[in-house]
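Notes follow the structure.
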There are 2 protein chains.
Amino acid sequence: MPWNLNSGSPIFVQIIEHLQIDIVSGKYKPGDKLPSVRDLAGEAGVNPNTMQKALSDLESTGLVHSERTSGRFITEDDNMIKNLRKSLVDVQIEKFFKSMEKLGFTGEEILELVKEYSQK
Amino acid sequence: MPWNLNSGSPIFVQIIEHLQIDIVSGKYKPGDKLPSVRDLAGEAGVNPNTMQKALSDLESTGLVHSERTSGRFITEDDNMIKNLRKSLVDVQIEKFFKSMEKLGFTGEEILELVKEYSQK
DNA sequence: ATTACTGTACTAATCGCTTAGTACAATAAT
DNA sequence: ATTATTGTACTAAGCGATTAGTACAGTAAT
């Protein structure tokens with residue numbers, strides 16, 4: 001299935017986020033080999049150049065590294081992945097609270113709304 | 001203060017969201033006159049054309065309407081504003097839950113994290 | 001009447017993202 | 001040895017968003 005890439009921000013950014021999620025959620029484990037640039041591009045339904053840009057950006061954070069001709073691999077640093085997961089969570093929660101506060105809700109009201117939502 | 005317009009999606013989309021929030025949060029009340037296109041553009045720090053695009057898009061939803069030469073006004077339909085507010089809230093909550101579930105959290109875990117966050 | 005302000009319309013130029021296409025060197029597989 | 005696959009690099013083109021600049025017609029204020 002082609003990835004869901006339509007939500008405003010540049011596709012290569014969405015690809016980065018998608019891959020980060022695949023890594024922190026365990027789809028790719030530390031040391032795993034990633035599919036090739038071309039395969040990932042085909043899977044995502046984008047141009048190989050776009051996938052390459054996303055991957056080389058990801059690489060600059062150290063989350064993945066490439067062995068020149070044998071492929072690209074997930075970092076084996078468990079801590080880096082754990083920290084990324086925590087950081088992604090924090091970003092989501094903060095973004096959510098900021099948005100809701102802009103809409104005029106207090107912290108307590110937000111908590112109440114979340115309670116309601118998680119009960120249905 | 002210039003608006004905070006840097007988060008990936010096109011500026012005119014962010015302007016639309018910004019204005020919607022200003023309306024549902026009560027900064028602009030039903031029937032209020034909006035500042036002129038040029039003033040809003042100056043306030044937001046964007047080109048008047050960009051602001052115009054955002055406003056004419058907003059207009060197509062009925063939330064604002066323009067009186068050809070005297071200015072642009074917020075709708076007087078209270079219900080439309082209420083519904084928009086509810087819809088914006090729903091979107092935020094759903095987006096948040098989807099993101100968190102992608103990161104591997106269950107509904108209960110999400111609720112727990114929100115509790116923690118709202119307590120500090 | 002004159003002036004200032006309103007929304008609106010239009011062209012041209014620029015910038016970033018994306019795609020298309022091609023190419024190369026190094027490794028793996030056969 | 002030959003072939004396929006790897007990451008990487010590069011140019012050219014197209015597209016949408018944005019900016020800059022200009023212009024016009026209708027209304028309000030003076």
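Each chain gets a letter, A, B and so on, in the order the sequences are listed, and its residues count up from 1.
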Nearest heavy-atom contact between B:Y28 and B:P35 is OH-CD, 3.7 Å

query = Is any side-chain nitrogen or oxygen of B:T69 closer than 4.0 Å to OP1 or OP2 of C:dC5?
reply = no

note: B:D39, atom CG; C:dT6, atom C1'; distance rounded to Å ~ 11 Å

Which of C:dT8, D:dT8, D:dT6 is nearest the side chain of A:S36? It is D:dT6

Atom CD of A:Q52 and atom C1' of D:dT11 are separated, to the nearest Å, by 15 Å

Rounded to whole Å, NZ of A:K33 lies from P of D:dT5 at a distance of 11 Å

In whole angstroms, the gap separating P of C:dT27 from CZ of A:R72 amounts to 16 Å

(request) Quick one: label B:E67 by what it contacts on the DNA or RNA (base, sugar-phosphate, nothing), any heavy atom closer than 4.0 Å. (result) nothing

Between B:L111 and A:L111 the two heavy atoms that sit nearest each other are CD1-CD1, 4.1 Å

Taken to the nearest 0.5 Å, the spacing of B:I74 CD1 from B:L34 CG works out to 4.0 Å

Please indicate whether A:E116 has more than 12 foreign heavy atoms, meaning atoms of other residues, nucleotides or ligands, lying under 6.0 Å from its CD. yes

In whole angstroms, the gap separating C1' of D:dT8 from CG of A:L34 amounts to 16 Å

Check: Has A:S56 got a side-chain N or O lying under 4.0 Å from the OP1 or OP2 atom of D:dG7?
Finding: no

Whole-Å distance, A:L58 CG to D:dG7 C1', equals 15 Å

Requested in this report: Can you label the angle between the A:F96 ring and the B:F96 ring as parallel, tilted or perpendicular, going by 30° and 60°?
Outcome: parallel

Protein-proximity profile, nucleotides 16-23 of chain C, B/S/- by nucleotide at the 4.0 Å heavy-atom cutoff, equals -SSBBB-B

Taking the six-membered ring of A:F105 (Phe, Tyr or Trp), confirm whether the NZ or CZ of B:R85 is under 6.0 Å from its centre and within 45° of its axis. yes

Between the CD1 atom in B:I16 and the CE atom in B:M51, the distance rounded to the nearest 0.5 Å is 10.0 Å

Rounded to whole Å, the CG-P distance (B:L55 to C:dT6) equals 13 Å

